[in-house]
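Below, all heavy atoms of this structure are taken into account, side chains as well, without hydrogens, waters or symmetry copies.
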There are 2 protein chains.
Amino acid sequence: MNIGEAARASGVSAKMIRYYESVGLIPAVGRTEAGYRQYSPTDLNTLRFIGRAREFGLSMQRIKLLVSLWQDRNRASRDVKRIALEHVADLRRRIAELTAMADTLRDLADACQGDHRPECPILEDLEESADAASRGRVAS
Amino acid sequence: MNIGEAARASGVSAKMIRYYESVGLIPAVGRTEAGYRQYSPTDLNTLRFIGRAREFGLSMQRIKLLVSLWQDRNRASRDVKRIALEHVADLRRRIAELTAMADTLRDLADACQGDHRPECPILEDLEESADAASRGRVAS
DNA sequence: CTTGACCTTCCCATAAGGGGAAGCCCCACG
DNA sequence: CGTGGGGCTTCCCCTTATGGGAAGGTCAAG
């Protein structure tokens, strides 16, 4: 199976398949005499696994670990679970950051008339808090 | 004021100040005969404004718009509010994505024993759902 | 045998920075 | 006066994960 067919069958672009190979996420597959990469059904499963893991937002680093565990029949589920929970913790941290941003900005926008007049609490906050924020940084 | 002092006073690194200048987010400031950039208190305010806006996760694009509105005394608060609300919407979309990832992964991890045994619903899901996901992509 | 679809590698670009080298500049201390 | 250390300049490379595209080789259908 050529890379294009593997891409269509796995949902991973040919570009990314080559990239995953280059960074060692997947082993280099066999080639035809002309140099075309050849993919087996087993290779397809790996690609689909990776594509699915990407949908969970897992980093290449963690996916690399997961793939090796996935292929190791003697793995301990403990190790898999740890990786998953680390990622969940990362996601929750990121969600908390974004939520704080959204809430504050939403509050400011609520206080903004949003009409033809120039007065706007959003700009005032960005301007005024800047002093406090920079003092905070200097002090820390 | 040299760039280093401006960086300390604004909380924006010298590296980023030069970057903001290079991408046109801030105008090129004056130079000494030796080529050193010179910053005025007004320039500092702009830098602090930008730094604060970055804390809200706003993109360079939107900050560029905000800075120009901020400096335009005849701006309409409507325009400012629109930019802020667009960003809030972006944040909420991103939050929803991350939340879905975290919830699903957390559910899978909950179902995983996390002991020495190899059985793990996390890996099984990544493996099995891959087919459905790729079929979904092919069909769409 | 040509044409077009496919494959290869290589380079470039993204957003928002960080790291660091080479070289010039400035000031203070001895 | 001079020298040393710290500050400034530009330039280049690195990051993540991905897309775009050029130049050139390959394969299969007509």
(message) Heavy atoms within less than 4.0 Å of DNA chain C: which residues of residues 23-37 of chain B have one? Give them sorted by number.
(response)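 Listed by number, they are Ala34(B), Tyr36(B).
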(message) At a heavy-atom distance below 4.0 Å, what parts of residues 82-95 of chain A sit against DNA chain C?
(response)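 Within residues 82-95 of chain A, no residue comes under 4.0 Å of DNA chain C.
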(request) Answer yes if the side chains of Asp43(B) and Ser40(B) hold a donor-acceptor pair under 3.5 Å, and no otherwise. (result)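 Yes, because at least one side-chain N or O of Asp43(B) sits under 3.5 Å from a partner of the opposite role on Ser40(B).
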(request) Report the residue (Ile3(B) or Met16(A)) whose heavy-atom-nearest nucleotide on DNA chain D is the more 5′ of the two. (result)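 The residue mapped nearer the 5' terminus is Ile3(B).
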(message) Apply side-chain contact (heavy atoms from CB on, under 4.5 Å) to residues Asn2(A) and Gln38(A) and explain how you reach the verdict.
(response) CA-CA 5 Å; Asn2(A) 284 346; Gln38(A) 291 301 119; 2.8 Å; yes
(request) To the nearest Å, give me how far apart CD1 (Ile17(A)) and C1' (dT9(C)) are. (result)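 It works out to 16 Å between those atoms.
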(message) Using whole Å, what does the distance between atom C1' of nucleotide dC11(D) and atom CZ of Arg18(B) come to?
(response)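 Nearest whole value for this atom pair: 12 Å.
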(request) Would you mind telling me which of dT10(D), dG19(C), dG20(D) lies closest to the side-chain atoms of Lys15(A)? (result)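 Closest nucleotide among those given: dG20(D).
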(request) Can you figure out which of dG18(C), dG19(D), dT10(D) approaches the side chain of Ser13(B) most closely? (result)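 Within the option list, the nearest is dG18(C).
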(request) Remember a base hit wins even if backbone is also touched, and classify Arg54(A) as base, sugar-phosphate or nothing at under 4.0 Å, heavy atoms. (result)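 The residue Arg54(A) makes sugar-phosphate contact but no base contact.
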(message) According to a hydrophobic-cluster definition based on side-chain heavy atoms being under 4.5 Å apart (Ile, Leu, Val, Met, Phe, Trp, Tyr only), do Trp70(A) and Leu85(A) belong together?
(response)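 No, Trp70(A) and Leu85(A) fall in different hydrophobic clusters.
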(request) Before giving the answer on salt bridge (charged side-chain N to carboxylate O under 4.0 Å, His left out), spell out for Arg18(A) and Glu21(A) the whole-Å C-alpha distance, their side-chain angles and the decisive distance to 0.1 Å. (result) CA-CA 5 Å; Arg18(A) 293 193 197 96; Glu21(A) 181 185 312; over 6 Å; no
(request) Hey, could you give me the OG1/CG distance between Thr104(B) and Asp125(B), rounded to the nearest 0.5 Å? (result)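 So the gap between those two atoms works out to 8.0 Å.
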